[in-house]
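Starting from 1, each residue takes its place in the sequence as its number.
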Amino acid sequence: MSKFIDVMEETQSIFDNVLMNTTIPHWVEFRLISNNNQKELYLVKKMSELFEVLTDNLNVVIVLNEEIFDKLEDEQKKLVFEEILTGIIVNDNDKINLEKPNFTTYSSMLQKHGDETMIRLKETILSLYEEKREKEIELKENKNEK
């Protein structure tokens with residue numbers, strides 16, 4: 001027996017409803033499958049161009065540990081799918097990109113300091129890196145002008 005199986009209709013229906021409320025273009029084709037042996041709740045895989053051709057334009061595969069997923073509350077299930085779909089970006093050239101989450105931290109840090117403090121910390125760090133990158137670009141441009 002294969003470790004990859006189709007998800008239940010109820011799971012697919014929840015996914016489809018969450019997908020409808022995103023800005024992801026309708027031409028992006030998803031396949032939702034289950035692997036109850038995987039350690040993560042979900043994995044997102046972008047298909048290569050060759051695979052897209054061989055599968056009639058399947059763009060993204062989401063592998064879900066449905067055994068764990070089914071034990072979540074209905075609102076939590078929707079949140080999981082929203083989280084998955086938030087990381088799927090289609091740019092102006094119709095290129096699909098998978099983004100990693102903005103940050104990770106420990107639950108004990110969230111409990112001790114609160115989510116607002118931790119989010120502010122992570123956003124500050126990201127903005128400092130962006131500022132550094134912009135300065136490096138500016139220095140490089142100034143150097144090239146000379």
**Student:** Checking N21 side chain against N17 main chain: does a donor-acceptor pair fall under 3.5 Å?
**Tutor:**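 Here the side-chain-to-backbone pair exists.
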**Student:** If you round to the nearest 0.5 Å, how far is NE2 of H113 from OG1 of T105?
**Tutor:**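 Between T105 OG1 and H113 NE2, I get 9.0 Å after rounding to 0.5 Å.
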**Student:** Quick check: is V60 connected to M20 through a chain of hydrophobic side chains (ILVMFWY, heavy atoms under 4.5 Å apart)?
**Tutor:**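 Result: no, two separate clusters.
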**Student:** Same cluster for V18 and L43 if Ile/Leu/Val/Met/Phe/Trp/Tyr side chains link at under 4.5 Å?
**Tutor:**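 Not linked; separate clusters.
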**Student:** Where do K71 and E67 come nearest, in terms of heavy atoms and distance?
**Tutor:**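 Looking at all heavy atoms of both residues, the closest pair is CG-O, 3.6 Å.
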**Student:** For the atom pair OG1 (T117) and CE (M109), what is the distance rounded to the nearest 0.5 Å?
**Tutor:**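 Here the rounded value is 9.5 Å.
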**Student:** Is there a side-chain contact between K132 and L128 (heavy atoms, below 4.5 Å)?
**Tutor:**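 No. Closest side-chain heavy atoms not under 4.5 Å.
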**Student:** Please answer: with hydrophobic residues joined when any side-chain heavy atoms are less than 4.5 Å apart, are Y129 and I119 in the same cluster?
**Tutor:**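 Shared cluster, no.
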**Student:** Is there a side-chain contact between D70 and K77 in this structure, where contact means two heavy atoms from C-beta onward sitting under 4.5 Å apart?
**Tutor:**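 Touching, per the 4.5 Å side-chain cut-off.
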**Student:** With a 4.0 Å cut-off on N to O distance, would you call R120 and E123 a salt bridge?
**Tutor:**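 Answer for the salt bridge query: no.
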**Student:** Please assess I96 against I89 for the test side chain to side chain contact (heavy atoms under 4.5 Å, CB included), listing each intermediate value before the final yes or no.
**Tutor:** CA-CA 6 Å; I96 299 170; I89 308 299; over 6 Å; no
**Student:** Can you check whether Q12 reaches V7 side chain to side chain, under 4.5 Å on heavy atoms?
**Tutor:**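 Contact flag for Q12/V7 side chains = yes.
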**Student:** Would you call F30 and I88 a side-chain contact if the rule is heavy atoms closer than 4.5 Å?
**Tutor:**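 F30 reaches I88 side chain to side chain.
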**Student:** Indicate the atoms forming the closest heavy-atom contact of K95 with K46, along with that distance.
**Tutor:**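 Shortest heavy-atom contact: NZ-NZ, 4.0 Å.
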**Student:** Find out if a path of hydrophobic residues (ILVMFWY) with successive side-chain heavy-atom gaps under 4.5 Å connects M118 to L126.
**Tutor:**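 No; tracing contacts between hydrophobic side chains, which count when under 4.5 Å, never links both residues.
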**Student:** Please check if the number of heavy atoms outside E130 that lie under 6.0 Å from its CD is greater than 12.
**Tutor:**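 Check passes, neighbour count above 12.
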**Student:** At what distance, to the nearest 0.5 angstrom, does CD1 of I84 lie from CZ of F15?
**Tutor:**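 Those atoms lie 7.0 Å apart.
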**Student:** Tell me, with the steps shown, if F81 and F69 meet ring-ring contact (aromatic ring centres under 6.0 Å, His included).
**Tutor:** CA-CA 10 Å; F81 284 139; F69 182 82; 4.9 Å; yes
**Student:** Report yes or no: do V63 and V80 belong to one cluster of Ile/Leu/Val/Met/Phe/Trp/Tyr joined by side chain heavy-atom distances under 4.5 Å?
**Tutor:**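 V63 and V80: separate clusters.
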**Student:** Using atom types as modelled and distance alone, determine if a side-chain donor or acceptor of T55 lies under 3.5 Å from a backbone N or O of F51.
**Tutor:**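 Side chain of T55 to backbone of F51: a pair is present.
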**Student:** The test is side chain to side chain contact (heavy atoms under 4.5 Å, CB included); show your working for V61 and I33 and say whether it passes.
**Tutor:** CA-CA 7 Å; V61 173; I33 59 175; 4.0 Å; yes
**Student:** For T22, what residues pass the side chain to side chain contact (heavy atoms under 4.5 Å, CB included) criterion, not counting sequence neighbours?
**Tutor:**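 T22 satisfies side chain to side chain contact (heavy atoms under 4.5 Å, CB included) with L19, I24, L85 once adjacent residues are dropped.
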**Student:** Which side-chain hydrogen bond (donor to acceptor under 3.5 Å, both in side chains) pairs, counting each pair once, include a residue from residues 32-44, with sequence neighbours left out?
**Tutor:**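 Residue pairs passing side-chain hydrogen bond (donor to acceptor under 3.5 Å, both in side chains), neighbours aside: S34-N36, Y42-E83.
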**Student:** Given R31 and L58, is the side chain to side chain contact (heavy atoms under 4.5 Å, CB included) satisfied, shown in steps?
**Tutor:** CA-CA 7 Å; R31 175 83 188 273; L58 176 63; 3.5 Å; yes
**Student:** Give, for atom OG of S107 and atom NZ of K112, the distance between the pair rounded to the nearest 0.5 Å.
**Tutor:**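 With rounding to 0.5 Å, OG (S107) is 13.0 Å from NZ (K112).
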**Student:** Return each pair, listed once, that meets side-chain hydrogen bond (donor to acceptor under 3.5 Å, both in side chains) where at least one residue sits in residues 134-145; pairs must be two or more places apart or across chains.
**Tutor:**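 Non-adjacent pairs meeting side-chain hydrogen bond (donor to acceptor under 3.5 Å, both in side chains): zero.
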**Student:** Is it true that atom NZ of K122 has more than 12 heavy atoms of other residues, nucleotides or ligands lying nearer than 6.0 Å?
**Tutor:**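 Yes.
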**Student:** Keeping Q76 on the side-chain end and E73 on the backbone end, is there a donor-acceptor pair under 3.5 Å?
**Tutor:**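 Flag set: sc Q76 to bb E73 pair under 3.5 Å.
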**Student:** Working to the nearest 0.5 angstrom, can you tell me the gap between E66 CD and T11 OG1?
**Tutor:**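 Answer rounded to 0.5 Å: 3.5 Å.
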**Student:** CG/L32 to CD1/I62 distance, rounded to the nearest 0.5 angstrom?
**Tutor:**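 Spacing of CG (L32) from CD1 (I62) equals 5.5 Å.
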